[in-house]
Structures are given as C-alpha cells and as structure tokens.
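Within every chain, numbering begins at 1; the chains are lettered A, B, ... in the order of the sequence lines, protein sequences first and strands thereafter. Just so we're clear, the structure is a prediction, and the values are computed from it rather than from any experiment.
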Number of protein chains: 2
Amino acid sequence: MSAAEAEIAARMFKALGDPVRLRLFSAVASHEGGEACVCDISDVGVSQPTVSHHLKKLKEAGLLTSERRGTWVYYRVEPSVLAAMGQLLAMPAAA
Amino acid sequence: MSAAEAEIAARMFKALGDPVRLRLFSAVASHEGGEACVCDISDVGVSQPTVSHHLKKLKEAGLLTSERRGTWVYYRVEPSVLAAMGQLLAMPAAA
C-alpha cells in the first residue's frame with residue numbers, strides 16, 4: 001500500500017471512527033432502496049442538523065454520494081464501498 | 001446497528017484512520033505467513049519504536065493478535081477482520 005493510497009483509505013476509516021457517524025452510515029446503507037435523506041433518519045438519537053453535518057462528512061470522505069431532489073438531499077453509499085463495508089459491519093468481531 | 005456495536009466497530013475504524021497505522025496493518029496482513037514482527041517492517045518510513053507503538057494500538061482496537069516468540073512479538077490480523085479488510089483495501093475507491 002503506497003503512502004498516497006493510505007491517505008485516501010485512512011480518511012475513509014477516520015470518518016467511520018465515530019460511533020454516531022458509523023450508525024448513520026449503517027442507517028443509509030440499510031435503508032429501503034439503498035438511500036436515505038435526513039428526513040428518514042430518526043433513530044440514532046441526534047438532532048437533524050447533527051445528522052446533516054455527519055452525512056456531509058461521510059460524503060467528503062468518499063463514502064456516500066448525494067443527490068438533491070426537491071427539498072431533500074438523498075444519500076447513498078458509494079457503490080465500491082458498499083460490498084466491503086457490508087461484510088465488515090456484519091463480522092462477528094464487531095457484534 | 002446498536003450503540004454498543006457501533007462503539008466497538010468505530011474503535012476499529014478509528015485505529016485505521018491514520019495513514020501510517022493503516023500501512024502497518026496492511027504490511028502485517030500481506031506479510032509472508034500472515035504475520036510480522038517489528039523486525040520485519042522497515043518500509044513504512046518510521047522508526048521501530050513508532051512501529052511498535054502503532055502495532056500495540058492496532059491490537060488494543062481488536063484488529064491484530066500477538067504472540068511473543070523469543071525476542072520478538074509477532075502480530076497477525078485477527079481472522080474475522082482479515083477477509084473483510086482485504087476486500088476493503090483492494091477496492092477501486094481506495095486506489
């Protein structure tokens with residue numbers, strides 16, 4: 001792994017290194033249709049502005065993509081990240 | 001994903017959220033025999049004490065296991081982490 005590759009991947013891991021952000025990532029990944037807006041996420045126990053802030057951080061790290069439709073911005077997991085993360089979050093060590 | 005699960009998984013991601021630590025993790029995972037001691041790692045550009053420090057942090061996060069044999073401590077990737085991480089680190093988005 002080169003230093004440049006490590007920089008990019010470490011930024012992604014760092015973004016997931018916060019329990020609230022990780023739960024939001026998981027909520028987007030597991031939401032119906034594979035996408036979610038702030039309006040869909042209410043069970044993580046933080047306010048909507050906090051949810052918005054964290055979703056933006058996840059996007060900046062390359063983990064989510066976003067699309068505005070009407071009033072809301074919809075987020076989905078970047079496809080190349082999805083399979084690997086699904087496996088990772090389902091592993092016994094993380095249970 | 002429950003709050004408790006998120007705490008454990010976020011700790012693992014956080015440990016990998018540093019480029020040097022990530023390269024060390026990758027070096028252990030890809031080393032011959034699937035294990036490495038500090039003596040085996042010389043190409044990440046940091047001193048042996050720094051390598052030791054980071055390997056301990058990765059162990060504390062549950063990503064590596066260790067075994068002392070003679071003078072050296074040998075590290076290997078926790079088996080449940082290995083498959084998922086291998087896939088993750090090989091994905092196009094991290095290249």
Side-chain angles (χ1 to χ4, degrees), chain A residues 1-31 36 41-46 50-51 54 57-65 76-95, chain B residues 1-31 36 41-46 50-51 54 57-65 76-95:
Chain A
M1 167 176 271
S2 75
E5 287 167 350
E7 286 286 345
I8 294 168
R11 200 169 61 207
M12 301 174 82
F13 285 124
K14 193 174 179 183
L16 294 173
D18 173 274
V20 170
R21 209 139 59 207
L22 184 55
R23 291 182 76 195
L24 289 171
F25 177 83
S26 172
V28 171
S30 61
H31 197 262
I41 298 174
S42 58
D43 56 350
V44 177
V46 294
T50 303
V51 171
H54 282 309
K57 291 285 177 189
L58 289 168
K59 185 187 171 187
E60 284 166 17
L63 291 161
L64 299 179
T65 59
R76 54 174 63 239
V77 178
E78 168 67 32
S80 60
V81 172
L82 190 58
M85 283 295 176
Q87 197 178 337
L88 201 63
L89 296 175
M91 73 188 183
Chain B
M1 169 176 269
S2 75
E5 287 167 350
E7 286 286 344
I8 294 169
R11 200 169 61 207
M12 299 174 82
F13 285 124
K14 194 174 180 183
L16 295 173
D18 173 275
V20 170
R21 210 139 58 207
L22 184 55
R23 290 182 75 195
L24 288 171
F25 177 83
S26 172
V28 170
S30 62
H31 197 261
I41 298 174
S42 58
D43 56 351
V44 177
V46 293
T50 302
V51 171
H54 283 309
K57 291 286 178 191
L58 290 167
K59 185 187 170 186
E60 284 166 17
L63 291 160
L64 299 179
T65 59
R76 56 172 63 237
V77 178
E78 169 66 31
S80 59
V81 172
L82 190 57
M85 284 296 176
Q87 198 178 335
L88 201 63
L89 296 174
M91 73 189 182

S.K.: Where is the tightest heavy-atom contact between A:P19 and B:A10, given as atom of each residue plus distance?
M.R.: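 Closest approach of A:P19 to B:A10, heavy atoms only: N-CB, 3.6 Å.
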S.K.: Could you have a look at A:A27, A:G45, A:S2 and say which one has the most heavy-atom pairs with chain B under 4.5 angstrom?
M.R.: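 Of A:A27, A:G45, A:S2, A:S2 has the most heavy-atom pairs under 4.5 Å with chain B.
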S.K.: Quick check: closest heavy atoms across B:L22 and A:A6, and the distance to 0.1 Å?
M.R.: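 So the two residues come closest at CD2-O, 3.7 Å.
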S.K.: For B:R11, is it the side chain, the backbone, both, or neither that has a heavy atom closer than 4.5 Å to a heavy atom of chain A?
M.R.: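 When you check distances to chain A, no heavy atom of B:R11 falls under 4.5 Å.
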S.K.: Could you look at B:A15 and say if it's the side chain, the backbone, both or neither that has a heavy atom under 4.5 Å from chain A?
M.R.: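 Neither part; nothing is under 4.5 Å.
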